[in-house]
J.: 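I have a structure I would like to understand better, so I am pasting it below and will then ask my questions one at a time.
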Amino acid sequence: MTGATILHLITMAVLISAAASQAPPTKYINHTVGDSAGWFFNSTTNTTATNYSSWAGSQTFSLGDYLIFKTSSNQTVIQTYNLTTFRNCSIDDSSNNDTFVYNGGNTVFDQALTIIVPLTIQGPSYFFSDASDGIQCQHGLAFEINVNRGLGLPPSLNQPPPPTYREPPGPGSAYPPVTIPAGGEGTGNSGFKKGASVRVIACVCLFALLAINGGIF
């Protein structure tokens, strides 16, 4: 086999591998953070259960995927789109629009938790634990990912925004105007027929009253 043939085969193998790695996903994926190590921190040795940056680098994340944090109440799960918040290992200066705290609703120390986080925004996303005044984050309980478009958001996560809130009318507010259809007849309404009016009916009633009292005839 000549050197040119070997070079050609190597080139083909590289191209095939590259194409396979760029193939679009065919399904949504649940990523267990840290795999079997979970999301844990040893406060005695100030070490994490695994290297979470390395774990994140080995994954491909797309819209509609989920991150599964198998952890305990000794750690927190913070998701932020704010790089400054991530680097500070603190949510003190974060915004409600770019940072979210997941605690699983459990405030008892050392209780097992499973926290599920959907990936709903394309682009960079950062995760860390701010427990122990940020020490856990500073010692590696943190990672960043890049979320690809993939298949896009599934219908269950792609809900339309709620309608704009309108202040309900107060006690002093006027009732909304009532529109009377032309001709005085609405659906299911047998009101005044064409040609009749309140004035005509009033005149008829007046004549009847005078007749009864002997005012006419």
Side-chain angles (χ1 to χ4, degrees), residues 15-41 48-107 111-131 134 136-137 140-168:
L15 291 176
I16 293 172
S17 298
S21 64
Q22 296 176 1
T26 58
K27 62 180 180 179
Y28 300 105
I29 299 175
N30 294 335
H31 305 269
T32 301
V33 177
D35 293 328
S36 60
W39 179 250
F40 290 97
F41 185 82
T48 58
T50 190
N51 187 317
Y52 294 99
S53 294
S54 296
W55 170 83
S58 68
Q59 308 289 311
T60 299
F61 304 96
S62 301
L63 290 175
D65 288 355
Y66 285 86
L67 298 187
I68 313 296
F69 290 82
K70 293 185 177 181
T71 183
S72 75
S73 53
N74 300 359
Q75 295 76 214
T76 64
V77 175
I78 311 295
Q79 179 187 24
T80 184
Y81 302 104
N82 188 322
L83 181 58
T84 301
T85 297
F86 176 67
R87 287 176 173 172
N88 290 340
C89 290
S90 171
I91 62 174
D92 289 346
D93 298 322
S94 63
S95 166
N96 290 334
N97 296 325
D98 62 29
T99 301
F100 307 92
V101 179
Y102 299 89
N103 59 17
N106 196 330
T107 58
Q111 295 296 304
L113 293 175
T114 298
I115 296 175
I116 302 174
V117 179
L119 301 180
T120 60
I121 296 181
Q122 187 174 350
S125 187
Y126 311 95
F127 295 85
F128 66 96
S129 170
D130 69 341
Q136 294 186 1
C137 170
L141 200 57
F143 63 93
E144 59 182 285
I145 64 175
N146 185 68
V147 180
N148 302 309
R149 174 165 178 77
L151 299 174
L153 287 176
S156 59
L157 294 176
N158 192 16
Q159 300 296 327
T164 304
Y165 175 77
R166 293 185 179 182
E167 187 73 23

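In this chain, numbering begins with 1 at the start of the sequence shown. Side chains are part of it too, since the values below use all heavy atoms of this structure and drop only hydrogens, waters and symmetry mates.
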J.: Enumerate donor-acceptor pairs with a distance under 3.5 Å from any side-chain N or O in residues 56-65 to protein atoms, sequence neighbours excluded.
T.:
residue: S58; atom: OG; partner: W55; partner atom: O; Å: 2.6
residue: Q59; atom: OE1; partner: H31; partner atom: ND1; Å: 3.1
residue: D65; atom: OD1; partner: I29; partner atom: N; Å: 2.8
residue: D65; atom: OD2; partner: H31; partner atom: NE2; Å: 3.1
residue: D65; atom: OD2; partner: S62; partner atom: N; Å: 3.0

J.: I'd like to check the ring-ring contact (aromatic ring centres under 6.0 Å, His included) partners of F69; sequence neighbours left out, ordered by chain and number.
T.: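 F69 satisfies ring-ring contact (aromatic ring centres under 6.0 Å, His included) with W39, F127 once adjacent residues are dropped.
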J.: Excluding sequence neighbours, so at least two apart, what forms ring-ring contact (aromatic ring centres under 6.0 Å, His included) with Y126?
T.: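 Counting only residues at least two positions away or on another chain, Y126 forms a ring-ring contact (aromatic ring centres under 6.0 Å, His included) with F86.
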J.: Heavy-atom distance under 4.5 Å between the side chains of P154 and Y28, does that happen here?
T.: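 In short, these two side chains touch, coming nearer than 4.5 Å.
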J.: Would D130 and T76 count as having a side-chain donor-acceptor pair, cut-off 3.5 Å?
T.: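 A donor-acceptor contact under 3.5 Å links the two side chains.
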J.: Looking at every non-hydrogen atom in both residues, tell me the closest pair between T48 and G140 and how far apart they are.
T.: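 Shortest heavy-atom contact: CG2-C, 3.5 Å.
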J.: Run the side chain to side chain contact (heavy atoms under 4.5 Å, CB included) test on I91 and F128 for me, step by step, so that the C-alpha distance in whole Å, both residues' side-chain angles and the decisive distance to 0.1 Å come before the verdict.
T.: CA-CA 10 Å; I91 62 174; F128 66 96; 4.0 Å; yes
J.: Tell me whether D93 at atom CG has more than 12 heavy atoms from other residues, nucleotides or ligands lying less than 6.0 Å away.
T.: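 Atom CG in D93 is not packed in, count stays at 12 or less.
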J.: Counting distance only, does the side-chain N/O of N51 pair as donor-acceptor with the main-chain N or O of S53 below 3.5 Å?
T.: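 Looks like yes, one N/O pair under 3.5 Å.
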J.: Using the side-chain contact (heavy atoms from CB on, under 4.5 Å) definition, which of the options I78, V77, T80 pairs with V101?
T.: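 Single side-chain contact (heavy atoms from CB on, under 4.5 Å) partner of V101 among I78, V77, T80: I78.
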J.: State whether a side-chain donor-acceptor pair under 3.5 Å links N88 with S90.
T.: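 Judged by distance alone, the side chains do not pair up.
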J.: Distance check, rounded to the nearest 0.5 Å: Q122 atom CD versus N146 atom CG?
T.: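 CG of N146 is found 8.0 Å from CD of Q122.
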J.: Measure the OG-CG distance between S125 and D98 for me, rounded to the nearest 0.5 Å.
T.: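 Result: 10.5 Å between the selected atoms.
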J.: Step by step, would you call I145 with L119 a side chain to side chain contact (heavy atoms under 4.5 Å, CB included)?
T.: CA-CA 10 Å; I145 64 175; L119 301 180; 4.0 Å; yes
J.: From C137 SG over to Y52 OH, what is the distance, rounded to the nearest 0.5 angstrom?
T.: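 Rounded to the nearest 0.5 Å, the SG-OH separation comes out at 12.5 Å.
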J.: Do the side chains of I115 and V117 get nearer than 4.5 Å, heavy atoms only?
T.: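 Counting from C-beta outward, V117 and I115 do come under 4.5 Å.
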J.: Would you check if Q111 and S72 make a side-chain contact, meaning some heavy-atom pair closer than 4.5 Å?
T.: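 Contact flag for Q111/S72 side chains = no.
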J.: Below 4.5 Å, heavy atoms only, C-beta onward: do I68 and V33 meet side chain to side chain?
T.: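 Not in contact.
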J.: Let me confirm one number: the CD1-OH distance from I116 to Y66, rounded to the nearest 0.5 Å.
T.: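 Answer rounded to 0.5 Å: 8.0 Å.
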J.: Checking Q79 against T99: is there a side-chain donor and acceptor pair closer than 3.5 Å?
T.: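 The answer is no; no qualifying pair exists.
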J.: Can F143 and L67 be said to form a side chain to side chain contact (heavy atoms under 4.5 Å, CB included), step by step?
T.: CA-CA 12 Å; F143 63 93; L67 298 187; 4.2 Å; yes
J.: Heavy atoms, side chains only, cut-off 4.5 Å: are N82 and S94 in contact?
T.: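 No. Closest side-chain heavy atoms not under 4.5 Å.
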J.: Assess whether side chain to side chain contact (heavy atoms under 4.5 Å, CB included) is satisfied between K70 and T32, documenting all intermediate values.
T.: CA-CA 7 Å; K70 293 185 177 181; T32 301; 4.2 Å; yes
J.: Between Q75 (side chain only) and F41 (backbone N and O only), is there a donor and an acceptor less than 3.5 Å apart?
T.: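 Confirmed, Q75 side chain pairs with F41 backbone.
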